Amino acid sequence: MTVSLKSLIEEWEGIGVVMRYDRQTGTWIFIALHDDTLGPPTGGTRMKVYPSPALALRDAMRLGAGMTRKWAAVDLHYGGGKAVLAVPRILQGEERVGLLTRYGRLIESLRGTFGTGVDMGTTPDDMLVISQVTSYVHGVDRETGQTIDPGPFTARGVFAGIRAAVKFAYGSEDMRDRVVHVQGLGDVGGPLARMLKEGGAHLVLSDLDTRRAESLAEELGDTEAFEPHTAYAAPCDVYAPCAVGATLNAESIPELKCRVVVGSANNQLQEPEDAGRLFERGILYAPDYIVNAGGAIALGLRSRGVTSQSEIHERVDAIGASLAEILIEASAANESPVYTAERVVERRLKR
Ligand code: PHE
């Protein structure tokens, strides 16, 4: 199946797409503006090498739609949008700064129609570069040059979500009897693994970069590292996908050996039918945008002038209670939590 830019744009139900080709670096820039019912479209900037520009646009669109749900679920007044910088290779040094500066100017030209921050492949330092030319960046204090990394906040929210789901499934949130598989040990999966270890959980780790998984496993002790291609079939209680999306699909779901899925990756289901596939297998699935909202909460609150760390932590920890509510309602309705969460979102968007 080949997707084209034309068909993606024709079929999209979002507000629109801003596109630009950066000739100097050979990068396609896509800003997918999905929904502004609750506020200006706001979402991270992903930098990645894609097989084609159309696949990059498709990712931006899917991620933008996810941001609409995420903001609605946490009741912060932003809308859904996401940007993708589809680079031909990983850029460094001056080339990277040049691209980010031109991209920042593009954002500035939109005069607030889109606000951005860190996502997979970009760093707080990249946001600092962008902030030199536009104010529509979250996670950078433009006066002091201080940056906030949303990753550890996202990890904190996922940790709260895991405890809530474990309590729901096993009747106790004690992590000491639980085995958790953290897949992807980057900016979120790394801190999450440490929090889980501290909470007493047994860990199974995997990452595309096998060495990264092995060295963290060694550091944490009493921890197994798995090869990335067989990782989803690792026996565990909780599977926490913390890398790319679509790891839950028609091929992987029958292979899963877990009771619960709670992770930080955006768009974990490859297609809507995967919610039903998990439900039929009796695997409890925590909707991704409910549990991975910690970073968005932190950046959103900071931009609204909230500086108290404890207040931000409290809001992030509340992800546990929101998830518990959804799981209880879903079980009463005998449905996948995906549908329950969708209803919460639709209500907030007043559809
Ligand atoms: N990219 C992260 C996410 O998907 C953090 C982020 C949230 C960045 C909101 C910018 C705006 O949640």
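Every value quoted in this text rests on a predicted model; they were computed, and no experiment measured them. Read the numbers this way: they start at 1 and go in the same order the structure lists the ligands and their atoms.
Looking only at atom types and distance, the side chain of Thr247 has no donor-acceptor partner in the side chain of Tyr232 under 3.5 Å away. Between the side chains of Asp125 and Thr123, no donor N or O sits under 3.5 Å from an acceptor N or O.
At least one cation-pi condition fails for Arg343 and Tyr339: the charged atom is not both under 6.0 angstrom from the six-membered ring centre and inside a 45 degree cone around its axis. Taking the ring centre of Tyr78 as origin, the terminal cationic atom of Arg304 falls inside the region bounded by 6.0 Å and 45° from the ring axis.
When all heavy atoms of Gly117 and Thr122 are compared, the closest pair comes out as O-OG1, 4.4 Å. Of all non-hydrogen atoms in Thr25 and Glu95, the two that sit nearest each other are CG2-O, 3.9 Å.
For ligand 1, the protein residues placed under 4.0 Å by at least one non-hydrogen atom are Gly43, Gly44, Met67, Lys70, Trp71, Lys82, Gly117, Val118, Asp119, Asn266, Ala296, Leu299.
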